[in-house]
Amino acid sequence: MVSFIWTASNLAALLCTAGRAREAADCLGRFDAVGYATPRFALVAARVLQAAGRLSLAEFTLRRARRETGLSPSHPDSLALAERLGEILLIQHGQSLSRCSQPRTNAFKGEEVLLQEAELLFREGRTAGQPKSAEGLAQVLLQRAQAGDASSRQLRLRQAEDILRSLLDGQKAPELLRWALNICRATVGQSHSTTNCVAQHLHRVLLAGGLQQEASGLEEEFNLAADGPPPTPEAMPEEECCSEALLASWPKRGRRRWRSASCNPRQGRLTPGMVTCCQAARRFFLPGPKDSGALEALADQACGECKLQPSSVTRSSSCPVRARKNKAVAEYAKQFDRATLAPEDLVIDVASTPWPKVDPKVAAALDTAYDNVRRFHEAQKKKQPLRVETMPGVECRRMAVPIEAVGLYVPGGTAVLPSTAYMLATPAKLAGCKEIVLATPPREDGSVVPEVVYAAKRAGATKILKAGGAQAIAALAFGTETCPKVHKITGPGNQYVTAAKMMLQANEEASVSIDMPAGPSEQLCIFDMTSDAAFVVADLLSQAEHGPDSQVVGVLVASPGVDFRSYVGKLRVEFEEQTSKLNRAEITKQALSKSFVIVVETLEAALSFSNSYGPEHLCIQTANPEAYLEGVVNAGSVFVGPYAPESCGDYASGTNHCLPTSGYARQYGGVSTDTYLKYITVQKLTPAGLKRVGPCVETIADVEELEAHRNAVTIRLKKIGRELSLFDKLGAMCTFCSS
């Protein structure tokens, strides 16, 4: 068995070396080799799985090997496993250990737990002299220096600088220095002493190696010949900033963060071609990929905060909600929502609940919005089932069948969202779902917001679960004494809710699907010099106010040679004026600190950037918006023209506002009537049909060496014969002629 497993692992290693990582990972899985936990094999398997992008499985393999081998912490194999596990965790945090890679900086806040464990692993390895542990530890310290108080930040920076000095002293390989410079530049800033120390060292090595041109570029970038740190982006003169194609954050002076495709904040330039071809620009600005391991770590942290430890989702047998059901959910409601609820009062039967008291004006608005949403989603229903005769005597059908029980998550937190209730419940009711359970956080008095109850009752929900967060998702997935178990969960939520949904989707006992990964809100607006600056700013602020983790992006299309500085000035004025009038101004400002505007020269460049970003909401406010619409490939929902504010789609135009975020618009669409349907295929064959298609089936079954598949056809053909009768042949000819 051991030799067999090693044969599989050696084959996988060869495939990985040949650049066929996915095939290598499939090879390990096919021979059930991943679970064979020896240190040497675990390292090979982890390398293959890492190359194939299956980081969670690589992490599982390494953890299992460390747990089951029973080696002492100082054993070389144990240290090698720890170092590789630390590297996997660091990659899941979004920072590759590749020395020449450009790191991603927009990682989840919840990924701090990955860095903490990675730091412990790398410290073990560095103490024992493991070769890459020092590099990994320096990178972790630089990353963790971004969080915490001033004293801990300075301590971590000093430790990281000491490690880098020990690594770089006498080092003549520019690759390691470039790696260290990229890490420092992305984590602690352009002008920090640690960054400048590495830059000076790289400068000396480049000169010694005869790379004069690269050394000159570094000298200019860091102003190495001058005293003091290089000028910061905020200190750059306006004339230098506002030229060519420019990338800037939102426009309050003194708060600006300039970015360029070459990861050089000082220059703040983005040449027109870079938008369409520079992968570094995309990595630097666009939402980074959400690796499944990072999401699991985030969900683990979220579940840990509500006492649903990592096992609560990944190992459902120990999930408190699954074990103690209503009692556990009621405890979490008291802990997080400060609502005291009896376990039997967690679920409301909507049909028997009286209509809540709602302001007549609000009720009329909700009724109008519901009618528009119902009208649009009702039109999506397919009237006739699909029926195709693929060949004479072989009929194939497809039937649309509603999912029996669905769960709808309506966030509560910082805003009241009755619109989400009817956006989710309306298509579910139209699809024909029998059980529609809506989960939403309760108020402190244990009640549900009356507007949400009104919308849920109007749209056809059957039950309301008074719970929010990860515990609500677990209750929907596993069911409780009063909350039915559902088969699909839909609806937006914060990153904890999203992570819990994605993890439960992979849980066999939960056996639940989800609509899409729907996280923090985002919007991208394409506009030009003819656009009304007030309209543009109003649309962007409408998404920024959702939460501090929201992001809005502006793409200004300005022809070459056009002076757009006056227009940017109008944007600044509008942002200042409109933001100051918002009741959620502080939340909005936090979101704006993560947002930016890009200036490009062509329609094609704007569309290329937008399609790479894959926004949840795409607003097109240009002179000819229809010309842009034809080139849209990735977007959740599009708002065309100056008089289509994004708010209309959020509330009452008729389209659904539950849309994919974080770049998932590349793979997913928004919620629709189809979201709550499943499709069942049907095939019906006559004896003549089997005679026609049967020989093909037998041949393919022989190729795949599945004898029982072949026999299922052969045994029937022996009974009815293989030759078509004259009547069958004439019937097929008539069918052909009539078609």
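All figures in this text were calculated on a predicted structure; none of them were measured in a lab.
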Any chance NZ of Lys327 has more than 12 other-residue heavy atoms, nucleotides or ligands included, within less than 6.0 Å?
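Not more than 12 within 6.0 Å, no.
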Is the closest side-chain heavy-atom distance between Tyr409 and Leu465 below 4.5 Å?
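Side-chain contact under 4.5 Å: no.
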Hey, does Tyr332 have a side-chain heavy atom less than 4.5 Å from the side chain of Pro320?
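Contact flag for Pro320/Tyr332 side chains = yes.
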Under the salt bridge (charged side-chain N to carboxylate O under 4.0 Å, His left out) test, which residues partner Asp539, sequence neighbours left out?
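For Asp539 there are no salt bridge (charged side-chain N to carboxylate O under 4.0 Å, His left out) partners, ignoring immediate neighbours.
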Residues two or more places apart in sequence or in another chain: which of them pass salt bridge (charged side-chain N to carboxylate O under 4.0 Å, His left out) with Glu451?
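With sequence neighbours excluded, Glu451 shows a salt bridge (charged side-chain N to carboxylate O under 4.0 Å, His left out) to no residue whatsoever.
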If you compare all heavy atoms of Glu435 against all heavy atoms of Thr462, which two are closest, and at what distance to 0.1 Å?
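What the structure gives for the nearest pair is OE2-OG1, 2.7 Å.
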Suppose we screen for ring pair (Phe, Tyr, Trp, His ring centres under 6.0 Å). Which residues come up paired with Phe376, at least two apart in sequence or across chains?
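Partners of Phe376 by the ring pair (Phe, Tyr, Trp, His ring centres under 6.0 Å) criterion come out as none, since no residue qualifies.
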N-O pairing of Glu509 and Arg322 below 4.0 Å
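Counted as a salt bridge, because a side-chain N and a carboxylate O are separated by less than 4.0 Å.
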With no hydrogens and no angle check, is any side-chain donor or acceptor of Lys488 less than 3.5 Å from a backbone partner on Thr675?
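Yes: the side chain of Lys488 pairs with the backbone of Thr675.
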Could you tabulate the donor-acceptor pairs under 3.5 Å formed by side-chain atoms of residues 338-348, not counting sequence neighbours?
{"from": "Arg338", "atom 1": "NE", "to": "Glu444", "atom 2": "OE2", "distance (Å)": "3.3"}
{"from": "Arg338", "atom 1": "NH2", "to": "Glu444", "atom 2": "OE2", "distance (Å)": "3.3"}

Once the angle between the rings of Tyr664 and Tyr668 is folded into 0 to 90°, is it parallel (under 30°), tilted (30 to 60°) or perpendicular (over 60°)?
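Rings of Tyr664 and Tyr668: perpendicular, as their planes differ by over 60°.
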Set of residues satisfying side-chain hydrogen bond (donor to acceptor under 3.5 Å, both in side chains) with respect to Thr482, sequence neighbours excluded:
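By the side-chain hydrogen bond (donor to acceptor under 3.5 Å, both in side chains) rule, Thr482 matches Asn326.
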Distance-only donor-acceptor hits, side chain of residues 416-426, under 3.5 Å, sequence neighbours excluded:
{"from": "Thr420", "atom 1": "OG1", "to": "His657", "atom 2": "NE2", "distance (Å)": "3.0"}
{"from": "Tyr422", "atom 1": "OH", "to": "Tyr651", "atom 2": "O", "distance (Å)": "2.7"}
{"from": "Thr426", "atom 1": "OG1", "to": "Tyr422", "atom 2": "O", "distance (Å)": "2.6"}

